[in-house]
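Here the structure is laid out as C-alpha cells; the discussion comes afterwards.
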Amino acid sequence: MKRQKHLSRFLLALAAIVVLVFLLAPIIAVIGGSFNGEGYFSFPPDTWSVRWYQAAASNEEHLSSLAHSLKVASVATLISVVLCIPASLALVKGSRKLTSFMKKIFMAPIFLPAIVWGVGMLLFFGKTNVRGSFGLLVAAHVVLVTPYLIRVVGSSLDEFNFTLEDAAISLGATPAQTFLRVTLPLISPGVVVGAVFGFMISFSELIITLFIAGSNFTTFPVRVYSEMRTEGLNPMVLAYSTIIVVVVLVISIIGEKCARWSRFFS
Amino acid sequence: MNMLLLPLAALFFVMFIIPFFYLLYTSFLTYTSGQVSPGMPFTLGSYLKFFRDSYYAVVIGRTLWLSLLSAVICTIMAYPLAFFMARAQGYLKTILLVLVTLPLISGVVVQTMGWYGLLAAYGTVNNILKALHIIHDPIQFLGTSSAIVIGLVQSFLPYMVLPIMNILQVIPKNVLEAAENLGANGAQRFFRITFPLSLGGVGAGFVLVFGACLSSYTTPSILGSGKVQVIGTVVYQQAMQLFNWPFSAAISMILLVLLLILAVATSLKAKRKAANAA
Amino acid sequence: MLELKNISKSYKSNQVLKDVNLTVNDGEMIALLGPSGSGKTTILRLIAGFLDGNDGEILLDGKNINTIPAHLRNIGVVFQDYALFPHMTVEQNVEFGLKMHKVPQEERKARVKEALSVVGLQEYGARFPKQLSGGQQQRVAIARVVAIRAKVMLLDEPLSNLDAKLRRQVRVELKELQRKLNITTVIVTHDQEEAMTMGDRIAILNDGHIQQLGKPMELYRQPANKFVAGFLGTPSINFFDLHRCGPATGIQNVAVSAPAQLGHLSSLPDGHYDLGVRPEDMVYLKQPDDAFCLPADVTLVEHLGAETLIYFSSNAKAFCCRTELSLSVEQGQKAWFHLNFARASIFDSESGKCVYSPDSDPQI
C-alpha cells in the first residue's frame with residue numbers, strides 16, 4: 001500500500017518534471033546558445049565564450065531598439081497607471097450596469113486577437129498623420145497594458161476597507177485629501193505590482209508594435225523578429241534575450257514572493 | 001464617480017473600439033489590385049473570394065485542427081504539472097510558479113527563438129537524434145505543422161496549468177478524507193472525485209488555449225517558415241505584403257466570428273451547468 | 001445639543017426611518033437601541049453626514065447641519081471596527097483630524113499628547129494599529145475624536161467586537177471617559193445590556209420608529225408597548241394571557257378565584273390582554289397555596305450559581321422564572337408560581353400598547 005503511494009508520487013513528480021523541462025526548453029536553449037563561441041546557433045554550445053555578451057554591449061542598433069522598448073514601456077505604463085487608478089475606483093463605486101459593461105471593455109485586449117487589432121489600427125490610422133508616431137504606439141501600449149493594471153488594482157481595492165474613507169471624512173478630510181492620504185497609500189503596493197507586470201508585457205510585445213510602429217522606431221522584439229525571418233538565429237540576439245530572461249526571472253521571484261502575482265494570469 | 005471612467009474609456013474607444021469597426025467597414029470595400037487604398041462601392045467580394053477559393057477553407061480547417069490538437073496536447077501535459085503544483089508548498093511552490101510564468105512574461109519572441117534553434121536542421125533535437133543513431137540525415141522540423149503545434153503547446157501551457165492548479169487547490173481536503181473514510185483508494189479518489197471536480201478548470205483552460213491558438217501569429221510565422229499558413233499569417237500576408245486590405249479585414253472578421261461562436265458556446269454550457277446545479 | 005426633528009428616510013421605496021424625533025442634551029450619553037433593520041445605523045450615518053436625502057432637520061446647537069458636508073460637521077465617529085489608518089502610527093492617526101482642521105503644528109503636538117493621555121495611551125504613540133489589542137485600538141479611535149474636540153461623538157456598537165470579559169471593563173471605562181470629557185454622545189447598539197448600562201437615556205427603535213424614549217429603568221419598569229417590554233431584560237419578560245369578562249378573570253385559562261389579590265387588575269375593562277411579568281417578579285412554589293398560583297410543568301432548570309432559572313410551560317406556552325434560591329427542582333415536576341401583580345404591566349393583546357404599568361419605584 002505504502003509502496004503504491006510512493007510509486008504514484010514518484011511517477012507524478014517525474015511527469016511534472018518532464019512537462020516543466022518541455023515548458024522551459026526554449027529558454028534553456030536561448031540561454032545555452034548565447035554562450036556559443038562560434039557565429040551560429042549551437043546548443044549545447046560547441047565552444048564556450050562570452051564574446052556575444054561583449055558584442056551585445058556595444059551593438060548600436062540593438063541597443064537603440066532596446067532603448068526604444070524601454071521608452072515605450074515606461075511611458076505607456078505610467079499613463080496607464082494614471083488612467084487606471086480613477087477607472088478602478090469608478091468600477092468599484094460606480095453604478096452596477098455601467099461598471100460591469102466597462103470592465104468587459106477594459107479587459108478585452110487580452111481576449112481579442114492582437115493580429116486583428118493590429119490590422120484594424122493600421123488601416124484606421126494609416127491615412128492620418130499620426131501613423132508611425134511615438135504617441136500612437138504609446139497609446140496602443142496603454143490599451144495593451146490596461147487589463148493587467150485594472151485586474152491588479154481592482155484586486156487591491158477589493159481588499160481595501162472603505163470604512164477608512166468614512167473615518168477620514170469624519171475627521172475633516174475632503175474627498176481629495178481622503179484619496180491622497182488614505183486610499184492611495186494603501187493601494188499603492190497593488191499599483192506597483194500592476195505597473196511592473198504591465199511594463200514587462202509592453203516590453204515584450206510584438207504584434208501590435210509590428211503593425212503600427214514607425215519604421216525608424218523599432219522596438220527590441222520587432223527587431224529580433226525581423227532578423228529571425230531574414231537571417232535566422234544570431235547568438236548576439238540570444239545574449240540580449242538571456243539578459244532579459246534573467247531580469248524577468250529576478251523580478252518574477254520578487255513579485256511572486258511578495259504579491260503572489262501569478263494569480264493575475266487569466 | 002462614473003466620470004472617472006471617461007479618460008480611459010475615451011482612449012479605448014479611439015484606440016480599440018473604432019479600429020475593429022473600421023476593419024468591419026473595410027471588409028466590405030472593393031479591392032483593386034495595384035491600388036493600395038480600397039474604395040467604394042460596398043461589396044461582399046472579399047467574403048465571396050474567401051468562400052470560393054478552397055485554399056482559404058483549407059487554411060481555416062488547418063487552423064482549427066492545429067488549435068484543437070494543440071489544446072488537447074496542452075491539456076494532457078498540463079494536468080500532471082498542475083496536480084503536482086497544487087500539492088506543492090512553500091519555496092517549491094513559489095519557484096514552480098515563477099518558472100511556469102517565466103515563458104509568458106519573457107515574451108513570445110524569446111520562446112520562438114528557442115524553438116527555432118532547437119528544431120532547426122542544425123539544431124539541438126536533430127543533433128541528439130543523430131548522436132543516438134536514430135537518424136542519419138536531419139529531419140526538417142521547421143516549416144511543418146508539427147513544429148507549430150510544438151510551439152503553440154509550449155507557449156500556452158502556463159494558461160492551462162494555472163487554471164487547473166487553481167481549481168485543484170479549491171477542492172476541500174475533507175471531501176477527499178470523507179471518501180477515504182468511506183473506503184475509496186487513491187486511484188478511486190482521483191477518478192471519482194478529484195478529476196470530475198477539476199473539469200471546470202480544465203474546460204476554462206481549454207477554451208482559453210484554443211482561442212489563443214486560433215488567433216496566434218508569431219509562432220506559426222516563425223516555426224512555419226512561411227510554408228504553413230494559418231489564419232493569423234494569412235491576415236498578416238494579405239495586409240502587409242499584398243496590401244489587399246478588404247480581404248485581410250474579411251478574414252479577420254471571420255476569425256472574430258469563430259471566437260464569438262466559441263465564447264457563446266462556452267457561456268451556454270456554463271449556464272446549463274449552473275442551471276443543473278441549482 | 002443635538003436635535004433630530006421629524007426625520008424620515010427612504011431607500012428605494014423602502015421607508016427606513018419614519019418621523020424620528022430626538023433631542024440629546026449637552027453632555028448626555030444616549031443609546032439608540034434596536035434590532036438590525038430598525039434604522040439605528042441609518043440615524044448614525046445621517047448625523048455624521050455619510051447619508052443624506054432625508055426629510056426633517058438635524059440641528060446642532062440650534063443650527064441646521066443638513067446641508068453641511070460630512071467633513072465639515074466636526075462630529076466624531078468611533079466605528080465598529082475602529083477604522084484606524086493602518087499605514088500611520090497611533091500618533092499620526094490622532095493627528096490626522098487636526099491636520100485636516102488646519103491646526104498649526106505646535107498646537108497639534110500638544111493636543112495629540114492631551115488626547116492620548118486622556119485615553120491612557122501616552123506611551124503608545126509610535127506603535128502601529130496592528131500592534132495594539134482591540135481595546136487599545138478603540139481607545140485610539142476615541143482619542144482621534146477627542147483631539148478634534150468634536151461637539152458630538154457617535155459610537156457604533158462599541159462593545160460588540162470585544163470579548164465578554166473585556167466588555168464589562170470597557171463599559172465602565174467608556175462611561176467614565178464620557179463623563180470626564182462631558183461630550184454629547186450617541187451610542188448605537190443592538191445589545192440591551194450595553195444600552196442599559198451606558199445610556200443616560202435610551203431610545204428604543206423598531207421598524208424606523210422610536211418606540212420609547214427615557215431613562216433605562218423607566219423603560220424597564222414602565223414599557224410603552226410589548227416590543228419594548230420584550231426587548232429589555234434577560235431572560236425576557238413573560239407574557240401571560242389575561243382574560244377579563246365581567247367579574248371573572250382568567251390567566252392562562254386558569255380562573256382567578258380570589259379577586260382581592262388582583263388589585264388594580266380587577267378594574268380592567270373586559271377583553272384580552274397580555275400580562276407582562278418579569279422572571280424575577282415570580283415566586284416558585286412546590287405546592288399551591290391560597291393565593292393565586294399558576295400551575296405549570298417544569299421543562300428545564302438552569303443553575304447559574306447566584307441564581308436559578310426555571311423554565312416551565314403552562315397551556316402549551318413557555319415561560320421563565322428567576323429565583324435566587326438554589327432549589328431541588330427537576331425537569332418534569334409540577335410547579336406553582338406566584339405572580340407579582342403589583343410589578344406587572346398590562347398590554348392590549350391586539351395593539352401591544354401598554355394600558356397599565358406600575359408607578360415608578362420610588363428608589364429609582
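It should be emphasised that the depicted structure is a prediction, and the values quoted were computed from it without experimental measurement.
- Contact of A:Tyr240 with chain B is not made at all, since no heavy-atom distance falls under 4.5 Å.
- Looking at A:Leu144, neither its backbone nor its side chain comes within 4.5 Å of chain B, counting heavy atoms on both sides.
- Residues A:Tyr225 and B:Ser221 bring a donor and an acceptor atom of their side chains to less than 3.5 Å of each other.
- Taking CD1 from A:Ile115 and CG from B:Leu214, the interatomic distance works out to 13.0 Å, rounded to the nearest 0.5 Å.
- Ring centroid separation for the pair A:Phe124 and B:Phe21 does not come in under the 6.0 Å cut-off.
- Here the side chain of A:Trp117 pairs no donor or acceptor atom with the backbone of B:Pro19 at under 3.5 angstrom.
- Side-chain contact between B:Asn2 and A:Ser95 is present, with at least one heavy-atom pair separated by less than 4.5 Å.
- Heavy atoms of A:Leu122 lying under 4.5 Å from chain B belong exclusively to its side chain.
- Between B:Phe16 atom CZ and A:Leu112 atom CG the span is 4.5 Å, to the nearest 0.5 Å.
- Contacts with chain B were tallied for A:Ile17, A:Val143, A:Val30, A:Leu249; A:Val143 has the most, counting heavy-atom pairs under 4.5 Å.
- Residue contact with chain B, scored on non-hydrogen atoms closer than 4.5 Å, involves the backbone and the side chain of A:Met200 alike.
- One distance of note links CD1 of A:Ile27 with CG of B:Leu102; it measures 4.0 Å at 0.5 Å rounding.
- Under the 4.5 Å side-chain criterion, counting only non-hydrogen atoms from C-beta, B:Met113 is not in contact with A:Pro26.
- In this structure, A:Val119 and B:Tyr236 have side chains that are not in contact, with every pair of non-hydrogen atoms separated by 4.5 Å or more.
- Here the OG1 atom belonging to B:Thr218 is positioned 4.5 Å from the CG atom belonging to A:Leu206, to the nearest 0.5 angstrom.
- Using a 4.5 Å heavy-atom cutoff, the side chains of B:Phe12 and A:Pro109 are in contact.
- Considering only heavy-atom pairs separated by less than 4.5 Å from chain B, the leading option among A:Leu210, A:Ile244, A:Thr242 is A:Leu210.
- In terms of heavy atoms, B:Leu5 sits closest to A:Ala90 at CG-CB, 3.5 Å.
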Quiz item: Between A:Ile207 and B:Val108, is a side chain to side chain contact (heavy atoms under 4.5 Å, CB included) present by the stated rule, with each step listed?
Solution: CA-CA 10 Å; A:Ile207 298 180; B:Val108 68; over 6 Å; no

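- Residues B:Tyr91 and A:Lys257 are in side-chain contact: their nearest non-hydrogen atoms beyond the backbone lie under 4.5 Å apart.
- Between chain B and the residues A:Ala15, A:Ala139, A:Ser8, the largest count of heavy-atom pairs under 4.5 Å involves A:Ala139.
- Rounding to the nearest 0.5 angstrom, the gap separating the CD1 atom in B:Ile222 from the CE atom in A:Met228 is 3.5 Å.
- Heavy-atom distances place both the backbone and the side chain of A:Leu233 under 4.5 Å from chain B.
- Contacts of A:Ala114 with chain B are absent, with no heavy-atom separation under 4.5 Å from either backbone or side chain.
- Heavy atoms of A:Ile201 lying under 4.5 Å from chain B are absent altogether.
- None of B:Thr101, B:Leu97, B:Ile95, B:Leu96 except one satisfies the side chain to side chain contact (heavy atoms under 4.5 Å, CB included) rule with A:Glu256; the exception is B:Leu97.
- With a threshold of 4.5 angstrom between heavy atoms, A:Ser80 does not approach chain B through any atom at all.
- Chosen from A:Pro113, A:Ser241, A:Ala13, the residue pairing most often with chain B at heavy-atom distances under 4.5 Å is A:Pro113.
- One finds the OH atom of B:Tyr79 at 10.5 Å from the CG atom of A:Leu12 (value rounded to the nearest 0.5 Å).
- With a 4.5 Å cut-off on side-chain heavy atoms, A:Leu23 and B:Pro158 count as touching.
- Using a 4.5 Å cut-off between heavy atoms, A:Phe203 does not touch chain B at all.
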